[in-house]
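Computation of the quantities below employed the complete heavy-atom set of this structure, encompassing side-chain atoms and omitting hydrogens, waters and symmetry-equivalent molecules. Note that the structure is a prediction, hence the values are computed from the model and not measured. Within every chain, numbering begins at 1; the chains are lettered A, B, ... in the order of the sequence lines, protein sequences first and strands thereafter.
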Amino acid sequence: MFKFLRRQAVPAFSLAAVLLTIFTPDAAFAADQLNSGDTAWIITATALVLFMTLPGLALFYGGLVRSRNVLSVLMHCVAIACLMSVLWLIIGYSLSFTDGAGANDLIGGLSRMFLAGVGTEALSGTIPENVFFSFQMTFAIITPALMVGAYVERIKFSAVLILSSLWLIVVYAPVTHWVWGGGWLAQMGVMDFAGGLVVHATAGISSLVIVKALGARHGFPNDVAPPHNPGMVAMGACMLWVGWFGFNGGSALAANGGAGMALTVTHIAAATASLVWMLIEWKKYGKPSLVGLVTGTIAGLATITPASGFVGPIGALIIGVAAGLVCFKMVQIVKTAWKLDDSLDVFAVHGVGGSLGTILVAFLCAPMFGGLGLPDGKTMFDALGVQALGLAATVAWSAIATFILVKITAGLTGGIRVREDDELEGLDITNHGETAYRLD
Amino acid sequence: MFKFLRRQAVPAFSLAAVLLTIFTPDAAFAADQLNSGDTAWIITATALVLFMTLPGLALFYGGLVRSRNVLSVLMHCVAIACLMSVLWLIIGYSLSFTDGAGANDLIGGLSRMFLAGVGTEALSGTIPENVFFSFQMTFAIITPALMVGAYVERIKFSAVLILSSLWLIVVYAPVTHWVWGGGWLAQMGVMDFAGGLVVHATAGISSLVIVKALGARHGFPNDVAPPHNPGMVAMGACMLWVGWFGFNGGSALAANGGAGMALTVTHIAAATASLVWMLIEWKKYGKPSLVGLVTGTIAGLATITPASGFVGPIGALIIGVAAGLVCFKMVQIVKTAWKLDDSLDVFAVHGVGGSLGTILVAFLCAPMFGGLGLPDGKTMFDALGVQALGLAATVAWSAIATFILVKITAGLTGGIRVREDDELEGLDITNHGETAYRLD
Amino acid sequence: MFKFLRRQAVPAFSLAAVLLTIFTPDAAFAADQLNSGDTAWIITATALVLFMTLPGLALFYGGLVRSRNVLSVLMHCVAIACLMSVLWLIIGYSLSFTDGAGANDLIGGLSRMFLAGVGTEALSGTIPENVFFSFQMTFAIITPALMVGAYVERIKFSAVLILSSLWLIVVYAPVTHWVWGGGWLAQMGVMDFAGGLVVHATAGISSLVIVKALGARHGFPNDVAPPHNPGMVAMGACMLWVGWFGFNGGSALAANGGAGMALTVTHIAAATASLVWMLIEWKKYGKPSLVGLVTGTIAGLATITPASGFVGPIGALIIGVAAGLVCFKMVQIVKTAWKLDDSLDVFAVHGVGGSLGTILVAFLCAPMFGGLGLPDGKTMFDALGVQALGLAATVAWSAIATFILVKITAGLTGGIRVREDDELEGLDITNHGETAYRLD
Amino acid sequence: MKFVMAVIKPHKLDAVREALAATGVEGMTVSEVKGYGRQRGQTEIYRGAEYQVHFLPKVKIEIAVTDDKAAEVVEAIKGAANTGKIGDGKVFVYDLDSAVRIRTGEQDNDAL
Amino acid sequence: MKFVMAVIKPHKLDAVREALAATGVEGMTVSEVKGYGRQRGQTEIYRGAEYQVHFLPKVKIEIAVTDDKAAEVVEAIKGAANTGKIGDGKVFVYDLDSAVRIRTGEQDNDAL
Amino acid sequence: MKFVMAVIKPHKLDAVREALAATGVEGMTVSEVKGYGRQRGQTEIYRGAEYQVHFLPKVKIEIAVTDDKAAEVVEAIKGAANTGKIGDGKVFVYDLDSAVRIRTGEQDNDAL
Ligand SMILES: Nc1ncnc2c1ncn2[C@@H]1O[C@H](COP(=O)(O)OP(=O)(O)O)[C@@H](O)[C@H]1O
Ligand SMILES: Nc1ncnc2c1ncn2[C@@H]1O[C@H](COP(=O)(O)OP(=O)(O)O)[C@@H](O)[C@H]1O
Ligand SMILES: Nc1ncnc2c1ncn2[C@@H]1O[C@H](COP(=O)(O)OP(=O)(O)O)[C@@H](O)[C@H]1O
């Protein structure tokens with residue numbers, strides 16, 4: 001029932017994992033046996049989650065910046081995808097999902113570096129371990145890529161690469177181990193189905209820290225250019241939505257009713273939050289905008305993420321409404337009250353959404369909201385306590401570690417920010433020597 | 001063998017459904033048992049069909065309008081997707097697929113509102129019922145979204161939302177129940193594998209009715225602006241094509257040779273109709289165009305849809321040729337002879353294509369065309385009669401109901417059309433406050 | 001273990017094929033039985049590979065040309081997809097995958113023309129034969145479409161259609177039969193998991209031959225216009241990457257650890273080659289570009305393709321590095337030293353990449369590089385010999401046959417090149433009567 | 001000869017083109033520009049943040065005319081482009097020295 | 001000083017640029033415009049419907065030159081842009097009062 | 001009246017707009033152009049091949065002003081657009097015959 005068991009790839013846990021993940025009435029599928037249907041779905045889910053970043057997120061973010069920086073945003077996303085993949089193979093996966101022996105509460109071990117010992121036969125639950133590795137890799141890709149939204153239009157490309165790499169090892173891998181890899185939060189039974197803590201809270205908080213160090217874009221807040229291509233934003237958001245079926249549905253690690261429910265609630269929360277955002281804009285500004293609508297979509301998706309394996313459709317509606325209301329408000333607060341140029345609202349949408357869902361799941365998993373229920377002997381308050389603790393720990397570690405990593409990166413790159421005239425001229429031509437649109 | 005049994009989600013029918021859908025030689029897969037392979041495929045198909053609307057159809061339509069309205073078209077598609085999803089959860093699914101007791105011939109019941117009673121264990125055939133729900137939801141999304149093509153560039157956004165919502169309940173849900181939910185047409189054995197009647201005929205006819213009430217765009221027919229971005233049109237068409245594998249192949253509700261044949265014939269019909277359209281243009285205008293080629297693709301896809309589970313490859317070639325010839329001709333007739341500004345040819349391509357396929361399947365399912373055959377004791381004429389009756393009923397109900405719904409919508413919105421200067425200035429800025437391309 | 005057995009669709013071989021493809025410990029899945037999980041995955045893979053061409057490759061190539069030719073490039077890709085599909089049904093599949101009796105070493109027979117005799121029950125291994133047919137069809141689509149990159153911006157549309165059609169029958173089908181259909185190379189045990197020879201080497205070499213006959217674009221080499229839309233290039237590359245999971249992972253023809261390993265190594269090679277290309281550019285030109293980064297991606301993907309079922313993660317890293325280094329160098333050599341306007345580098349990226357991988361797999365399949373090993377009794381040298389022979393034969397046949405086919409095409413079209421003023425004005429308006437961007 | 005340059009609202013282009021055709025003008029050149037004037041740009045709101053768009057899309061029309069026609073052309077533009085709302089645009093006129101039709105080499109008035 | 005403004009066919013831009021370079025012109029400004037003239041637009045056909053495209057893509061070239069060079073520049077453009085087909089475009093010349101190079105502050109003839 | 005036309009670097013547009021506003025200029029028209037001058041284009045490298053980009057993106061500003069203001073406007077542009085680097089652009093001034101505000105029909109100086 002607990003997420004961490006389901007994610008766990010350490011052989012020692014796999015029997016339990018398999019038993020726990022089987023939702024079919026038929027117990028004849030025994031442990032340690034490959035299920036080709038589950039495998040088919042998780043391979044597909046892997047493709048879907050990769051599609052979220054490449055090109056979904058890249059387009060979503062690319063459309064929001066001004067045209068002279070769009071290529072740099074795409075470049076950030078693609079290069080991060082490449083670099084994180086290699087690092088995941090080298091060490092990220094092993095640190096996240098193997099047994100860390102004495103340090104196992106905090107971090108995994110090194111036994112799976114370079115996927116050592118994982119051939120075609122190794123299983124993780126009912127699917128090949130290499131599929132589990134790849135599926136998780138796509139999460140390790142998108143999480144640092146989410147942070148691109150915070151620092152667009154003014155950061156050095158070298159800083160992006162260095163900071164993302166360090167962050168994967170120092171923030172992402174440990175938190176993943178805590179929550180999904182058998183670490184201390186997993187042992188406490190924290191509920192994070194598909195990454196409210198692991199993905200959205202870590203990326204959201206870290207974004208704020210980076211923005212603080214990096215400073216605002218020239219002209220912020222009154223004279224920043226509006227999104228150069230809202231259609232590209234919407235296209236990216238649609239791809240994120242579709243891909244999120246793999247993100248949340250795939251996190252069931254099986255093709256069954258659990259996966260089906262995860263994608264159902266994911267979809268409903270996304271739809272609801274979109275409509276809520278649209279209505280707020282309509283009421284407040286007189287016109288509902290496309291960028292607003294799809295920002296609501298992403299807010300709904302981020303918020304349902306930790307809850308998607310635990311709540312039912314009614315819970316999804318509630319989460320959708322909450323996501324729309326809260327994230328909308330937070331976007332204003334970050335920019336207007338806190339005056340932080342978290343340029344594409346990574347914190348307000350992902351950080352806040354993921355955190356909100358992490359807390360709400362403690363309530364909404366209750367059968368009275370159509371949820372799938374808490375494990376025997378657990379009360380809602382127990383659950384809330386664990387969720388809050390998990391959130392606090394994730395936030396604290398992400399903030400502190402990112403603060404230090406930014407300093408290190410700044411040291412290595414001679415400052416993480418580009419020169420002002422490069423910023424004004426645009427990163428596409430100054431950092432990458434390319435021009436985005438040549439439509440003559 | 002009959003489609004309605006295959007779609008049917010009412011528990012009472014599920015045993016039969018399962019037995020009938022099993023194409024494998026191995027009868028050991030008994031009723032009421034989850035098949036993870038089937039589930040994997042239908043989850044994937046759900047993602048593919050969502051992808052058809054978001055962003056496939058949105059881009060396909062968006063590229064065809066002028067640049068000052070492209071965002072409004074995307075907005076229509078995304079907002080419809082959100083709103084229909086929520087309505088589907090609240091009531092649409094229940095009305096379509098549950099037993100309507102005394103009224104069951106015409107409409108389903110309310111027992112599945114909010115997916116009541118559907119947990120992770122409930123099955124529909126060999127797949128979880130929540131997966132069946134979600135798969136069908138993507139059909140309920142794309143059908144009203146198809147109609148966007150009829151009213152682009154001049155409709156009020158509020159009218160889009162109200163009309164689509166009413167239409168889902170009053171037109172889509174009943175017809176779905178008739179054909180796939182155990183209603184009167186299902187009982188007569190009408191053949192509509194993936195929505196020739198349910199999706200394309202309903203949307204096509206209703207589009208004409210809306211256009212009639214709404215009036216033509218300023219400048220029609222001689223001075224309307226040409227498609228602003230044919231590349232976007234082609235991109236959307238490609239996504240529709242790929243997604244249609246889920247639409248038709250997924251309608252087998254299993255991962256088997258039936259699904260494989262459905263996708264094979266779908267692909268062949270699409271390819272053939274594209275080539276036919278291209279050749280007609282080449283002959284008639286001296287140049288084959290990209291927009292023409294991919295319009296042929298969509299015509300082929302719409303036309304094969306009702307037939308895709310019943311015909312073989314030869315049937316697909318014939319349907320492809322017929323789709324290209326007939327739909328091409330109808331595009332001219334609607335615009336030139338009837339002088340109706342069905343702006344993006346929803347009727348001529350979807351309405352006519354879906355109807356054509358619905359009739360052709362009566363012949364082409366015959367083994368002599370490589371089809372899968374009619375059920376025992378049925379003749380081609382029996383089948384043709386049922387198909388024609390189904391088509392007539394669908395057309396009649398869609399037309400009458402939509403006529404009334406448009407009136408209601410006009411009453412609620414103070415007229416469904418925007419003011420002329422808003423139309424001239426473009427809906428993007430006047431209705432949504434956004435600008436599509438800012439490429440400086 | 002041998003690829004050719006795995007691809008083979010001839011009934012006579014299917015028992016062996018099934019036995020060989022089962023990687024699950026459970027031998028209870030007997031021969032000639034449909035596996036719904038495998039089927040689910042290969043249907044999905046079919047959609048993914050179609051997605052590679054439509055719209056992936058179309059966008060990748062479309063963004064690289066100048067804006068006045070972008071629609072013609074999309075048109076080439078879509079029209080080729082349509083035409084090849086129909087030809088594949090008519091004769092291509094049969095020639096490739098059936099038993100050619102006396103000529104079987106060189107070419108298959110005609111027994112499966114129009115998919116004769118293939119209903120919903122026919123199996124190919126553990127999946128329906130119609131799924132195998134469709135999966136292979138997507139390969140037959142993308143291979144001639146790859147060659148579009150060689151002749152963009154100056155070829156007649158009619159020549160594209162004729163040449164591609166002839167090429168499918170004369171080059172693609174025979175080589176496919178040799179390698180995957182039980183022909184002479186298959187019998188020798190050549191290793192080509194997903195198309196290093198069949199797809200990339202054939203297309204790459206043939207491209208050079210076409211370019212030689214067609215001549216360079218006006219202005220080449222000093223005054224050709226740069227890519228008009230690098231963001232479109234990146235979007236297409238991302239779609240290719242995601243779709244390649246289906247290309248290589250699907251080539252396992254099962255949802256198992258073999259498929260999982262294929263996609264893992266595919267991903268790692270792509271990521272690595274991208275980074276290598278980026279670093280070379282950074283070092284050499286001072287700026288890493290987006291177009292360069294994603295060109296590296298494609299180079300990595302093409303290079304791992306033949307090897308993807310035989311090597312492990314370490315092998316993938318090595319292949320990624322080799323792909324980046326060698327393909328980068330070859331791009332310069334073709335354009336600067338050979339002065340050939342292989343406009344979008346089909347030879348340097350696909351031809352060279354596919355060939356490189358074909359050779360490297362002989363070494364990297366060794367267990368010492370984490371590979372899956374050679375069949376019993378084979379040495380690395382044996383393997384290298386077969387690979388080199390296979391490559392030589394493929395190159396020779398592709399070159400000679402294409403040379404003749406270009407002559408025939410030129411005869412039929414009155415020269416394959418457009419008039420100079422049509423070239424200058426752009427193919428979009430002169431050949432297709434359309435304008436790509438009308439953003440006013 | 002005179003050169004008339006007008007900046008108008010984009011959706012008035014068709015009306016202006018027709019009005020000009022009615023006066024017998026046979027050629028013109030049009031381009032997309034951005035304008036700044038009394039109509040102080042507009043505010044677009046994305047995600048609740050207000051973006052100041054200083055320049056609004058306008059269309060610029062350039063017409064070379066014979067001296068005697070200049071006034072009529074200006075009137076035609078004024079008539080067709082006027083909506084009475086701020087941002088309607090302006091018409092500027094200046095002297096033209098010479099004109100050549102590239103295809104034929106015709107000069108000045110003959111070239112218009 | 002004179003200001004030369006020419007409207008030409010887009011694919012003639014390279015030829016004109018080279019011809020101008022040959023006359024010693026060191027700077028010019030180019031923009032994409034749409035033109036309307038004897039060549040009455042074109043018809044594009046989408047899905048069988050004819051769309052009247054009133055304005056065709058053209059390129060506008062602006063060159064400030066010294067008085068003595070103006071004629072030569074006009075000739076160069078005429079020569080390079082001519083295809084003999086309708087729609088070749090026009091060249092207009094008018095007086096320029098003053099010119100300044102922003103970087104150096106150089107004035108008039110020195111600024112060109 | 002004078003017509004001032006300036007070609008500047010795109011990222012200097014905001015600075016120039018502000019400088020002009022400071023001089024009391026109330027309207028201007030801006031367009032995207034491509035420029036060619038001492039700054040001989042640039043080289044972009046794609047896949048190792050060098051592409052000669054002859055024309056660089058520039059922004060063109062057009063401002064109609066009263067005679068007495070022309071010099072001040074030119075100075076404002078010069079001041080704000082100058083980076084001291086090649087490619088900074090140029091300012092051209094010529095005579096304007098007449099100006100009309102379309103909305104009100106105001107003429108000449110009143111129309112600016
Ligand atoms: N002094 C000027 N020089 C050049 N263009 C101008 C000038 N004043 C206005 N324009 C152009 O005319 C357009 C309309 O002017 P504006 O002052 O907004 O409207 P109105 O004429 O109705 O007061 C502006 O957007 C700008 O493009
Ligand atoms: N009177 C005019 N004023 C401004 N531009 C003009 C005028 N006449 C023609 N043009 C421009 O010149 C282009 C070519 O003119 P057109 O009459 O089509 O060709 P031709 O000069 O060969 O007869 C037009 O598209 C338009 O941009
Ligand atoms: N003679 C000219 N006529 C028209 N535009 C010019 C002329 N000379 C330069 N320009 C414009 O001014 C821009 C800057 O000129 P350039 O010579 O590159 O810079 P600088 O003035 O610093 O030497 C050019 O890109 C071009 O748009």
If I compare all heavy atoms of [X] with all of [Y], which pair ends up nearest, and what's the gap?
X: L48(B); Y: A47(C); result: CD1-CB, 4.4 Å
X: S85(C); Y: I268(B); result: O-CD1, 3.8 Å
X: C238(B); Y: P55(C); result: CB-N, 3.6 Å
X: G37(B); Y: S36(C); result: CA-OG, 3.3 Å
X: P313(B); Y: L89(C); result: CB-CD1, 3.7 Å
X: I43(C); Y: A259(B); result: CD1-CB, 3.9 Å

Pick one of side chain, backbone, both or neither for [X], based on which atoms fall under 4.5 Å of a heavy atom in chain C.
X: M261(B); value: both
X: L290(B); value: both
X: P226(B); value: both

Give, as side chain, backbone, both or neither, the part of [X] having an atom under 4.5 angstrom from any heavy atom of chain B.
X: L161(C); value: side chain
X: L59(C); value: side chain
X: M52(C); value: neither
X: M239(C); value: side chain
X: M137(C); value: side chain
X: F133(C); value: side chain
X: V70(C); value: neither
X: V73(C); value: neither
X: T138(C); value: neither

Response to the item:
By residue number, those in residues 428-440 of chain C with heavy atoms under 4.5 Å from heavy atoms of chain B are I429(C), T430(C), N431(C), H432(C), G433(C), E434(C), T435(C), A436(C), Y437(C), R438(C), L439(C), D440(C)
Nearest 0.5 angstrom please: [X] [atom1] to [Y] [atom2], how far?
X: L83(C); Y: T272(B); atom1: CG; atom2: OG1; answer: 10.0 Å
X: L240(B); Y: L54(C); atom1: CG; atom2: CG; answer: 12.0 Å
X: S289(B); Y: L71(C); atom1: OG; atom2: CG; answer: 9.5 Å
X: F245(B); Y: T46(C); atom1: CZ; atom2: OG1; answer: 7.0 Å
X: W241(B); Y: T53(C); atom1: CH2; atom2: OG1; answer: 9.5 Å
X: K287(B); Y: M75(C); atom1: NZ; atom2: CE; answer: 12.0 Å

Practice prompt. Classify the angle between the aromatic ring planes of W282(B) and F157(C) as parallel (below 30°), tilted (30 to 60°) or perpendicular (above 60°).
Written response: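 Because their plane-to-plane angle lies in the 30° to 60° range, the rings of W282(B) and F157(C) count as tilted.
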Item to complete: Flag the pair T264(B) / L115(C) as yes when at least one side-chain heavy-atom distance between them is below 4.5 Å, and no otherwise.
Response: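 In short, these two side chains touch, coming nearer than 4.5 Å.
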Worksheet entry | Side chain proximity check, F114(C) to I314(B), heavy atoms < 4.5 angstrom | yes
Worksheet, complete the sentence: Heaviest contributor of heavy-atom pairs below 4.5 Å to chain C, chosen from A237(B), G292(B), A271(B), is A271(B)
Worksheet item: Under a 4.5 Å heavy-atom cutoff, which of I42(B), T297(B), V291(B), V294(B) has the most pairs with chain C?
Response: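 Result: the option with the highest number of such pairs is V291(B).
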Worksheet item: Without hydrogens or angle criteria, can the side chains of H267(B) and S134(C) be said to hold a donor-acceptor pair below 3.5 Å?
Response: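 Side-chain D/A pair, H267(B) to S134(C): absent.
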